[in-house]
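Accompanying notes for the structure given below.
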Amino acid sequence: MPVFYGTKVNSPLMLGTAGYPSPKILADAFRASKAGIATVSLRREAGGGQDFWNLIRDLGIRVLPNTAGCHSVREVVTTAHMAREVFDTPWIKLEVIGHADSLQPDPFALVEAAQILTAEGFQVFPYCTEDLILCERLVEAGCEVLMPWGAPIGSGRGLNNPYGLRALRAHFPDVPLVVDAGIGLPSHAAAAMEMGYDAILLNTAVAKSGDPAAMARAMSLAIEAGRAAHLADPMEARDMAAPSTPLIGRAFL
């Protein structure tokens, strides 16, 4: 199970709370997923009021507040402080959107905000790209977790850059890595876990499916299978065929 900032989480699935058709469907999806963490934006909590917060509490799950929708360092820092007061946790998922269409994070603002928040006692989970230099700077800024995207938020495209994600895993063998955003199918989640990633954060693929509870369970099973496959030390891919049947015992005519 993943360990974030010294806290062991009971599942590598992290599930978002936005976009569900109803509170009941949200609750059913979380129970089916057995997720270890719920991500919640301050804006989402404010919009849902006390009833929404009571629902999250009743799930008995660890909360990771985020700065979703923020476009500047100042906005991020203000939102993070408000979230710490509301959710009573030093954890913060750091999002600083830099591009309106792709929702790609702003790398310069991301590092600056991470430095400020870490210095102010936050335990930062940065939503970033798979860029090695950016991730080096985030670790230097005090981030003990990295959350590279698989693909743009809500796109469902899966892992757009498998090479980059593998390189990131190899470059940071001791840093917890979470694929965050772009997961659309259980097979996408399994592929990331097979690479050795520690957890998957997703939202839209479950919330916008025809049956969120069923999709949540499918994602959970896929993540479990992917993790088990990684631990089993899978075979290497080959360019040529290799016979699986031995020559011993073969009939010679």
| said: With rounding to the nearest 0.5 angstrom, report the CZ to OG1 distance, R74 to T79. | reply: 11.5 Å
| query | Is it true that E236 and R238 make a salt bridge, defined as a side-chain N closer than 4.0 Å to a carboxylate O? | reply | no
| Do you know which two heavy atoms are closest between A199 and F4, and how far apart they sit? | CB-CZ, 4.1 Å
| field | Shortest non-hydrogen separation from T89 to R62 and the atoms involved | value | OG1-NH2, 3.9 Å
| request: State, to 0.1 Å, how close V76 and C70 come at their nearest heavy-atom pair, and which atoms those are. | output: CG2-CB, 3.5 Å
| Would D106 and I97 count as a side chain to side chain contact (heavy atoms under 4.5 Å, CB included) if you check the C-alpha gap in whole Å, the side-chain angles of each, and the deciding distance to 0.1 Å? | CA-CA 6 Å; D106 180 333; I97 301 303; over 6 Å; no
| note | To the nearest 0.5 Å, atom CG of L134 lies from atom CZ of F108 at 9.0 Å
| said: Quick test of your reading of the model: are R227 and D198 salt-bridged, counting only N-O distances below 4.0 Å? | reply: no
| query | Can you list the other members of the hydrophobic cluster that holds L185, where links are side-chain heavy atoms under 4.5 angstrom apart? | reply | none
| Closest heavy-atom pair and its distance - L15, A29 | CD2-O, 4.4 Å
| message | For R217, I'd like to know if atom CZ has over 12 heavy atoms of other residues, nucleotides or ligands within 6.0 Å. | response | no
| request: Please report the closest heavy-atom contact between S33 and S220, naming both atoms and the distance. | output: O-OG, 3.2 Å
| message | If you count heavy atoms of other groups shown closer than 6.0 angstrom to CG of D88, is the number above 12? | response | no
| message | Using 30° and 60° as the class boundaries, would you call the ring planes of Y127 and W149 parallel, tilted or perpendicular? | response | perpendicular
| N160 versus A151, closest heavy-atom pair with distance | ND2-CB, 3.7 Å
| query | So, H81 versus F122, ring centres under 6.0 angstrom or not? | reply | yes
| task | Look at the rings of Y5 and F125 and say which category their plane angle falls in: under 30° parallel, 30 to 60° tilted, over 60° perpendicular. | result | tilted
| request: Evaluate salt bridge (charged side-chain N to carboxylate O under 4.0 Å, His left out) for D28 paired with K24, printing each intermediate quantity in order. | output: CA-CA 6 Å; D28 289 345; K24 181 182 183 305; 2.7 Å; yes
| query | Rounded to the nearest 0.5 Å, what separation is found between the CE atom of M219 and the CG atom of L202? | reply | 5.0 Å
| Under the criterion side chain to side chain contact (heavy atoms under 4.5 Å, CB included), which of I37, T39, N66 is the partner of W91? | I37
